[in-house]
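Comments concern the structure below.
We name chains A, B, ... by the order of the sequence lines, and we start the count at 1 in each one. Here the structure is a predicted model, which means the values were calculated and not measured. All heavy atoms count here, side chains included; hydrogens, waters and symmetry mates do not.
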2 protein chains.
Amino acid sequence: MPEAPDPTLPKPRSYDDLCARIRERRERLPARLAQVANHMLMHPDEVAFGTVATVAGAAGVQPSALVRFAKALDFDGFSDLQAVFRDRLRGRLPEHRERLRRIQEAEGEHGPLRLLERFEEAAQLSLDRLGGSVDEATLAHAVALLARADTIYILGLRRAFPIAAYLAYALAKLDLRSVLVDHVGASGPEQIVGARAGDVLLAVSFTPYTPATVELANAFAQGGRPVVAITDSPFSPLAQAAAARFDVAEADVAGFRSLSATFCLAAALAVATAERRARDGSDRPAEAWAPVQGPAARA
Amino acid sequence: MPEAPDPTLPKPRSYDDLCARIRERRERLPARLAQVANHMLMHPDEVAFGTVATVAGAAGVQPSALVRFAKALDFDGFSDLQAVFRDRLRGRLPEHRERLRRIQEAEGEHGPLRLLERFEEAAQLSLDRLGGSVDEATLAHAVALLARADTIYILGLRRAFPIAAYLAYALAKLDLRSVLVDHVGASGPEQIVGARAGDVLLAVSFTPYTPATVELANAFAQGGRPVVAITDSPFSPLAQAAAARFDVAEADVAGFRSLSATFCLAAALAVATAERRARDGSDRPAEAWAPVQGPAARA
DNA sequence: ATCCGGATGAAACATCCATTCCATTTGGGA
DNA sequence: TCCCAAATGGAATGGATGTTTCATCCGGAT
């Protein structure tokens, strides 16, 4: 048997580790296995999506050669190696798959401390995903909108309310004028009625979307006023009205979504807006901020 | 057979097409299929790499529902639909690498994306620290107190208010009776005056401690009623009144503390309390649940 | 020339997969 | 209240998958 050089050795977990190990062993590799190495490094996408049969066919080798190759690199088998290629493609750290699996396995387990751990893991997962999912252009656009608003209206009900409350607190700390639309006494419509043309609504809502949030956001947008939405999918009912939209995918435990990633985004938006406004305020005194939306840009 | 609306119609070939078609048919989709749509849009990576079984499990539906969903969207089957998710991931790598590189290069910079990154790091740090700092005995004690309370009073003002709001939401979802002491109109004292002997106050406060929070917590404890405190040091003014205390050390960016760790703790407390009460409730059928009014419901 | 251990190809295998089918439930109209 | 159609859950099924096994091939040492 072509046994693994050292089965106890940790197998490569990231694509970069994998490349390093291949380089390191390439000399010692049998001819056919070196051929496999070449092909894989040259067509990583194909490896990520293909099956043993298709990859072997494309590389011009037998399926078993792939398995041997994987084992020569201290993997358990082809699938194990393939996981590295897949993780590379989804732009995540490789340990997440493992982490998620453990969370799901321990699903039945109880104990408050274990529960806490699971929430921690869910939060970590959400945070990692956030990094890859936020687009710089969207972020810049949202910050520009918020920075030139005279007043920022903040809307988030039910599960999203903690986020809204946090935003209100943070914006106030940053000397940015805001109105927390808390919808007390169903007075949401009255709370946003004072918004002017340059004002912005920062709306937060997740599945199941609170109808009031959607209605208020639509009403706000009706007047041509921009809405920045923090939600969870392109099909959120907030998407239509939103001039800028963030989709935050939060992991959940026992039906409770983490809010960690959303909070990070909220905090970043708040601080970035303050910085942007400070910069613009000093660069150009008033007026210059117009051209994003319609008439009557505010300073 | 629930046949496809129009099998001759070209199926979506790009991810954007797919999104459009889902949006277009969302209204007409049966409940379970809409659930599938939501899950897929929110976890596109998992769909790309997962199998029918894993995706169905994660979405909480039967495998057959996935196939039905795919066919409702004019695909041949799940695999056909999955191909769209895979194509979406193909060739995305450069973009991601580029982004990472830019973020790392811009170490000193202040762009919004870099800001987000820093908040993420702060949250990660806080989460890591939380794991080591929570004592199992304290946790168990707190959960025991909360579980046998008739009503849980929740108190957190200013920066801690989002946590309090979240707790109120979570406890309600879990069918645990709670009162959010929001101190509207400075009515905090009136809001807690109804608390009975077995009730518990869950108080949250961080430096600089809001005086009202401290006063209300002390007043609550005066009546011999237990206080569970989430705060940030043994010298917190909440420490004295607390029957159980958690010290959460959150990292901060630009003067803004992360709240991620605190949220995890809050969520864990809520769910653990619900589980504990369910267990006690089933162990001792009637009585343990009944004494909603009476003093000192015991478990 | 012969032997031998690693390397290789090809088929066999058990497992897992996507899909289909059918019994049951659900919900709205007569 | 009943009825019918749509929707749903769950098991059955045929096919494809990753892995293992084994016979053969090759190259170097004796």
- Residues at least two apart in sequence or cross-chain that pass ring-ring contact (aromatic ring centres under 6.0 Å, His included) with A/Phe49, listed by chain then number, are B/Phe49
- Message: Tell me every residue that passes side chain to side chain contact (heavy atoms under 4.5 Å, CB included) with B/Ser178, counting only those two or more places apart in sequence or in another chain.
- Response: B/Ile152, B/Ile154, B/Leu171
- Query: At under 4.0 Å, does any side-chain N or O of A/Lys71 touch on OP1 or OP2 of D/dT19?
  - Reply: no
- Can you list the residues that meet the side chain to side chain contact (heavy atoms under 4.5 Å, CB included) rule with B/Asp16, with sequence neighbours excluded? B/Ser14
- Task: Round to a whole Å and report the spacing from CZ of B/Phe75 to P of C/dT19.
- Result: 12 Å
- Measure distances between side-chain N and O atoms of A/Arg68 and base N and O atoms of C/dG6, and say whether any donor-acceptor pair falls under 3.5 Å. no
N/O to N/O distances under 3.5 Å, protein versus nucleotides 14-18 of chain C:
unit_1, atom_1, unit_2, atom_2, d
C/dA18, OP1, B/Val52, N, 3.0
C/dA18, OP2, B/Val52, N, 2.5
C/dA18, O3', B/Ser79, OG, 3.2

- Task: Give the rounded distance in Å between these two atoms: CZ of A/Phe49 and C1' of D/dA16.
- Result: 19 Å
- Task: Measure from the side-chain heavy atoms of A/Ser64 and tell me the nearest of D/dG9, D/dA7, D/dT21.
- Result: D/dT21
- Query: What is the distance, rounded to the nearest whole Å, between atom CZ of B/Phe69 and atom P of D/dG9?
  - Reply: 15 Å
- Query: With no hydrogens and no angle check, is any side-chain donor or acceptor of B/Gln82 less than 3.5 Å from a backbone partner on B/Gly50?
  - Reply: yes
- Grab the CG-P distance between A/Asp76 and D/dT20 for me, whole Å please. 9 Å
- Query: Do the side-chain N or O atoms of A/Gln62 get closer than 4.0 angstrom to the phosphate oxygens (OP1, OP2) of C/dA10?
  - Reply: yes
- Item | Pairing residues for B/Thr273 by the side-chain hydrogen bond (donor to acceptor under 3.5 Å, both in side chains) criterion, not counting sequence neighbours | none
- Quick one: list whatever passes side chain to side chain contact (heavy atoms under 4.5 Å, CB included) with B/Asp128, sequence neighbours left out. A/Gln124
- Query: Please give, in whole Å, the distance from C/dT8 C1' to A/Leu66 CG?
  - Reply: 13 Å
- What integer distance in Å separates B/Leu29:CG from D/dA7:C1'? 12 Å
